[in-house]
Amino acid sequence: MSKIITVIYGSSTGNTEHAAQAIAGKLGGRAVNIRNASAADFQADLLILGTSTWGCGELQDDWMNGVALLETADLSGKLVAFFGLGDAVGFGDTYLNGMGELAEKAVARGAKIVGRWPSEGYMHSLSTAEEGGFFAGLALDDDNEPGETADRIDRWCEQLRREAAL
């Protein structure tokens, strides 16, 4: 029996949407924009949540309304992974804080996080998505390292296959 994999994302410029589509395609899942998501979309064998970070570390605009779905989802024991996009150079002190906020809310709902990503080598100074040398999930910086995105997505999807037994 194949597992249900759902990637829920918010995207302003299209970069997060592109990453969500790539991740869903590589894992055989489906991508859903948070603007169009329902409570049922959060019930997956592997739930992947993605956002960019804006302003002074805020979630992407569509997540501002959509986060209510996350805050009411029963994620007890569910596998949840995260990916985030941000500008590590221009906003190095709030890099991926949006992803950090999603991770915090998912853990509060009982989620089991998979897909933590090493923070070594990223040009940031501070992130609420980072703990113990790892980000809560895949870190992408299309502003400063667009050439790294495809390879990082490939490696992270392989990591998720192992960790989530896909």
Side-chain angles (χ1 to χ4, degrees), residues 1-34 37 40-53 59-60 63 66 70 73 75-89 92 95-107 109-124 127-166:
M1 178 183 227
S2 63
K3 294 190 176 186
I4 297 169
I5 301 166
T6 304
V7 180
I8 301 176
Y9 67 92
S11 186
S12 295
T13 64
N15 290 341
T16 307
E17 179 178 15
H18 182 263
Q21 295 289 349
I23 291 165
K26 290 184 182 305
L27 295 175
R30 64 187 185 95
V32 178
N33 190 306
I34 187 60
D41 292 316
F42 285 80
Q43 298 307 309
D45 297 309
L46 174 60
L47 178 64
I48 303 172
L49 305 177
T51 188
S52 48
T53 298
L59 278 170
Q60 186 272 342
W63 271 108
L70 174 58
L75 301 177
S76 301
K78 299 246 183 221
L79 299 180
V80 181
F82 306 91
F83 70 97
L85 284 83
D87 179 345
V89 176
Y95 183 58
L96 303 181
N97 281 7
M99 178 171 67
E101 185 174 338
L102 291 181
E104 180 181 314
K105 291 181 183 308
V107 167
R109 302 299 306 153
K112 178 183 176 202
I113 295 180
V114 293
R116 294 183 198 278
W117 188 255
S119 59
E120 184 179 344
Y122 285 83
M123 302 176 287
H124 72 293
S127 176
T128 61
E130 183 180 17
E131 183 179 335
F134 287 85
F135 290 115
L138 176 62
L140 301 173
D141 185 347
D142 279 353
D143 294 315
N144 302 292
E145 300 176 329
E148 299 288 331
T149 297
D151 180 59
R152 286 176 175 161
I153 288 173
D154 286 345
R155 289 186 289 133
W156 190 61
C157 286
E158 285 303 317
Q159 178 182 336
L160 289 179
R161 278 189 189 91
R162 288 189 308 273
E163 291 181 22
L166 300 176

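Quantities reported herein were computed from a predicted structural model and do not represent experimental measurements.
Of all heavy-atom pairs spanning Ala20 and Ala31, the tightest one is O-CB, 4.1 Å. Scanning all heavy atoms of the two residues, the minimum distance from Leu140 to Ala19 falls at CD1-CB, 3.9 Å. Scanning both residues, Ile113 and Ala103, for their nearest heavy atoms gives CD1-CB, 4.4 Å. Across all non-hydrogen atoms, the minimal contact from Ala37 to Ile8 is CB-CG2, 4.4 Å. For Leu59 against Gly98, the heavy-atom pair with the smallest separation is CD2-O, 3.3 Å. Considering all non-hydrogen atoms of both residues, Val80 and Ala106 come closest at CG1-CB, 4.4 Å.
Contact of the Ile48 side chain with the Leu160 side chain is registered, since non-hydrogen atoms from C-beta on lie closer than 4.5 Å. Leu85 places none of its side-chain heavy atoms less than 4.5 Å from the side chain of Asp143. The closest side-chain heavy-atom distance from Trp117 to Gln159 is below 4.5 Å. Residues Lys3 and Leu166 meet the side-chain proximity criterion, which asks for heavy atoms closer than 4.5 Å. Between Asp45 and Ile5 there is no side-chain heavy-atom pair separated by less than 4.5 Å. Taking the side chain as every heavy atom from C-beta outward, Met123 and Tyr95 never approach each other to under 4.5 Å. The side-chain heavy atoms of Arg152 and Leu138, taken from C-beta on, include a pair separated by under 4.5 Å. Put simply, the side chain of Phe83 does not reach to within 4.5 Å of the side chain of Leu102, judged on heavy atoms.
To the nearest 0.5 Å, the span separating CD on Glu104 from CZ on Phe82 amounts to 10.5 Å. Going from atom OG1 of Thr53 over to atom CD of Gln60 covers 10.0 Å, rounded to the nearest 0.5 Å. Atom OG1 of Thr149 and atom CH2 of Trp156 lie 13.0 Å apart (nearest 0.5 Å). Expressed to the nearest 0.5 Å, how far CD1 of Ile34 lies from CG of Leu49 amounts to 8.0 Å. Distance CG/Asp87 to CD/Glu145: 10.0 Å, rounded to 0.5 Å. Note that OG1 of Thr16 and CE of Met99 are 11.0 Å apart. Values are rounded to the nearest 0.5 Å.
Remark: the Asp41 side chain and the Thr6 side chain contain no N/O donor-acceptor pair separated by less than 3.5 Å.
Between His124 and Phe135, the ring planes lie tilted relative to each other; the angle falls in the 30° to 60° range.
In summary, Glu158 and Arg155 do not engage in a salt bridge, as defined by a charged side-chain N under 4.0 Å from a carboxylate O.
Judged by distance alone, with hydrogens and angles left aside, the side-chain atoms of Thr51 form no donor-acceptor pair with the main-chain N or O of Gly84 at under 3.5 Å. With hydrogens and angles ignored, the 3.5 Å screen pairs no side-chain donor or acceptor of Asp142 with any backbone N or O of Asn15. With hydrogens and angles ignored, the 3.5 Å screen pairs a side-chain donor or acceptor of Arg109 with a backbone N or O of Ala73. No side-chain donor-acceptor contact under 3.5 Å links Tyr122 to the backbone of Ala88.
Annotation: Gln43, atom CD; neighbour count of heavy atoms from other residues, nucleotides and ligands within 6.0 Å is above 12.
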Would you sort out whether Asp154 and Lys26 count as a side chain to side chain contact (heavy atoms under 4.5 Å, CB included), showing the intermediate values? CA-CA 8 Å; Asp154 286 345; Lys26 290 184 182 305; 2.5 Å; yes
Worked verdict on Phe42 versus Val32 for side chain to side chain contact (heavy atoms under 4.5 Å, CB included): CA-CA 10 Å; Phe42 285 80; Val32 178; over 6 Å; no
